[in-house]
Undergrad: 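Quick one: structure below, then a few questions.
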Amino acid sequence: MLRGALRFGLGPGLLGRGLGTHRGGSTLDWDGKVSEIKKKIQSILPGGAWSPLCDTSHLPPEHSDVVIVGGGVVGLSVAYWLKRLEKQQGAVRVLVVERDHTYSQASTVLSVGGIRQQFSLPENIQLSLFSVEFLRNINEYLAVVDDPPLDLQFNPSGYLFLASEEGATIMENNVKVQRQEGAKVCLMSPEQLRKKFPWINTEGVALASYGLENEGWFDPWCLLQGLRRKVQSMGVLFCHGEVTRFVSSSNHMETASGEKVTLKRIHEVHVKVDHSQEYQPVECAIVVNAAGAWSGRIAELAGIGKGPPGTLQGTKLPVEPRKRYVYLWHCPQGPGLEAPLVADPSGAYFRREGLGNNYLGGCSPSEEEEPDPGNLEVDHAFFQEKVWPRLARRVPAFEALKVRRAWAGYYDYNTFDQNGVVGPHPLVINMYFATGFSGHGLQQAPAVGRAVAEVMLEGRFQTINLSPFLFSRFYLGEKAQERCII
Amino acid sequence: MGKQRVRSEKARPANQRESLRLVAPVWNGGTSGIRGLSRAVDPEGSQRKGRALLQFLADRFYDVEAVRGYLLQKQVLKVLQKNRSFTYIKERYGPYVAGASFILKQGGAVKFQDKEWMRPNGRGLSGELWKLREVPVEAVDASGCAINYQGLDHLLALRELQSLSLRCCPHVDDWCLGRLHQLADSLRELSLAGCPRISERGLACLHHLQNLRRLDISDLPAVSNPGLTQILVEEMLPDCEVLGADWAQGLKLGPEEQPRDTASSPIPA
């Protein structure tokens, strides 16, 4: 009705104006003005985007039940499982805050994308087994009506770990634990290795463990987009901004034995919008720290670690960014289609990429060689001095290769025991961690998301018991050491 | 995702062409993945208008979206139900009979050692199946069956299986191929022709099957580079005869070679 009036009122029916425009060489953009006025009126009508107070559509909402700091694969996985495990549809309002929507520095998309069950801790093996089952049935878990199914480009080629004399016993024990948990791994002698993969030089190799099923590599970007799409369809809100402050309140209490304890509770999260000083205080009930390489900074903002060293208040979150290089090279005589992801005992690893004799690989540096994590610049000398000689020794065909590309990414490295931190903080009672996976976060993300969602909704781990990965181990000194780190 | 490929118009027996059309729409257009399988039975035209209307409604109403989600779910459950495990039969009659009854129920054919091919005859399983408890299964023809990762359990229990045909199975994908290493000792012949979900990544894990002598990897729409893949697979399995991409596949036909009608002028393979 109003639209009809507009057309009637602002058309050539308005005599005075109409004559005015015909008279003089007018530069009045009459059509433009009309459409502008129409747009304004339409937005004022109910359902339009205009609000009389002020426009806050670019800001996150003022209230949210759960705020997840970090929109990488772990953060999105937590959001997905929260919405999936909530008792009533729409019961939990979730907000995911991600600083960089291009994910240019996020560990997820810069990762090599491998998934394996060859770990030494049973918890890690179980996490990986569930994640593989999630990836296999990804189109059932992340199905969105009318959207095309996801193609993860999974290569089921397996991981091949090589061990020297010293590491052979540890490898045997690890394989026993892996088999007990249900992973399909087999041990190979150097003789069998030479027969199966004739391009390997087995000098110095005493034993090898080869994953037969459910191991390989896939495309992490596809998993991220799939999670993002599904999570948005389930009603999770996304915010493009940075967390700058936590507003919390403290409670001074006494334990049963008379010790004084200060419990903190976060009430608000200040989210600063990109390229501006504007921020929005988001009132929340729970904060999840899934910020990856920057989790240490977020934990400091929440006041974790501010206290005398040696006490629980003084225990910092020992997660820091560590830079790792990945190189892509072309080797025309290299290993064929059957090549798994080979991990040398010296720390160098490589895998096939595509069909054109291209390979991806790198090496974990020793503690002294750790590069400066200030930026993501690639050090090509590292490849020449450390990676290439080790790889060429293991695979003689790699003596002749040409590096095509290289990039660097961060590990959210847990300096304590190189395993994830999962679960609530004992003092800041509504901050939950899902970080510190030191290079195997991508492959454990679906299972970790489910575990953290269970702790948040039910109060305890229900499917996989991740109590060895709680924060309190840093104070108690109980290391959950993983011996199979690439 | 869902690339449109120019299929070379080779002569093919009629039933194979029928079954190929059953799976082709999954990759054409690529707009509705799993549901495309159900759409395959009907012709495209009026269905598409109906789909567009449903999509329009689903974008605007939560109820319609929920109903469509539910129907999708039902389809998935149907496949899962077909692939459930036959524990009772397995315990009572052994793995060979359990595997055989699974295949026959799905519509495939089974050949026991020293016996003829058994096909489903539309009246349930034949009585003589239950007497073959100790006889190993030699060959399985599961063409067009809705076998998935779970259902493969039944096949992997057949330790003396020599020939397996998974032609045009819509749910066999790279993950399933990763499981075939359990049949490495006995498998001599494998056919994966026409499976829409198998790519070169899954073919890479066939290197475990060192006893394979015949492998058919023709007509795999998801393989990005059929000619190169065939060469790499041949290098990977030196003792095996690999039937795969025609060297002419992917090349554009010249103007005088354009087939006018595929039914009337088949080009010899």
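The basis for the numbers below is simple: all heavy atoms, side chains too, and nothing from hydrogens, waters or symmetry mates. So you know, we letter chains A, B, ... as the sequences are listed, proteins then strands, and number each from 1.
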Undergrad: Is B:R201 salt-bridged to A:D151, going by a charged N under 4.0 Å from an acidic O?
TA: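 Looking at A:D151 together with B:R201, the answer is yes, because their closest N to O distance falls below 4.0 Å.
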Undergrad: Which bit of A:E215 is near chain B, if near means a heavy-atom gap under 4.5 Å: side chain, backbone, both or neither?
TA: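 It is neither, since no heavy atom gets under 4.5 Å.
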Undergrad: Side chain to side chain donor-acceptor pair (under 3.5 Å): which pairs involve residues 232-244 of chain B, sequence neighbours left out?
TA: B:Q230-B:E234
Undergrad: Which bit of B:Q73 comes within less than 4.5 Å of chain A, counting heavy atoms only: side chain, backbone, both or neither?
TA: neither
Undergrad: Nearest 0.5 Å, what's the CG-CG distance between B:L206 and A:L337?
TA: 9.0 Å
Undergrad: Is it the case that over 12 heavy atoms from other parts of the model lie below 6.0 angstrom from the CZ atom of A:R405?
TA: no
Undergrad: Just checking heavy atoms, which of residues 190-197 of chain A are less than 4.5 Å from chain B?
TA: A:K196, A:F197
Undergrad: Who in residues 149-163 of chain B is close to chain A, using a strict under-4.5 Å heavy-atom cut-off?
TA: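 Result: B:Y149, B:Q150.
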Undergrad: Can you check side-chain contact (heavy atoms from CB on, under 4.5 Å) on B:W175 and A:L135, steps first, answer last?
TA: CA-CA 10 Å; B:W175 297 88; A:L135 293 178; 4.0 Å; yes
Undergrad: May I ask you to list the residues in residues 207-215 of chain B that approach chain A closer than 4.5 angstrom, counting heavy atoms only, ordered by number?
TA: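 Checking residues 207-215 of chain B against chain A gives B:H207, B:H208.
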Undergrad: What's the spacing between A:E213 CD and B:C205 SG if we round to 0.5 Å?
TA: 9.5 Å
Undergrad: First locate atom CG of B:N148, then atom CZ of A:R136, and finally report the distance between them rounded to the nearest 0.5 Å.
TA: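 Result: 9.5 Å between the selected atoms.
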Undergrad: With side-chain contact (heavy atoms from CB on, under 4.5 Å) as the test, would you mind laying out the steps for B:R179 and A:K184 before giving the verdict?
TA: CA-CA 10 Å; B:R179 293 189 87 185; A:K184 308 271 194 309; 5.8 Å; no
Undergrad: Quick check on A:K230: does its NZ atom have over 12 non-hydrogen neighbours (other residues, nucleotides or ligands) under 6.0 Å away?
TA: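 It does: A:K230 NZ has more than 12 such atoms within range.
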Undergrad: Applying the side chain to side chain contact (heavy atoms under 4.5 Å, CB included) test to A:L355, which of B:I231, B:T229, B:V223 qualifies?
TA: B:T229
Undergrad: Can you measure from CG (B:L232) to CD (A:E338) and round to the nearest 0.5 angstrom?
TA: 9.5 Å
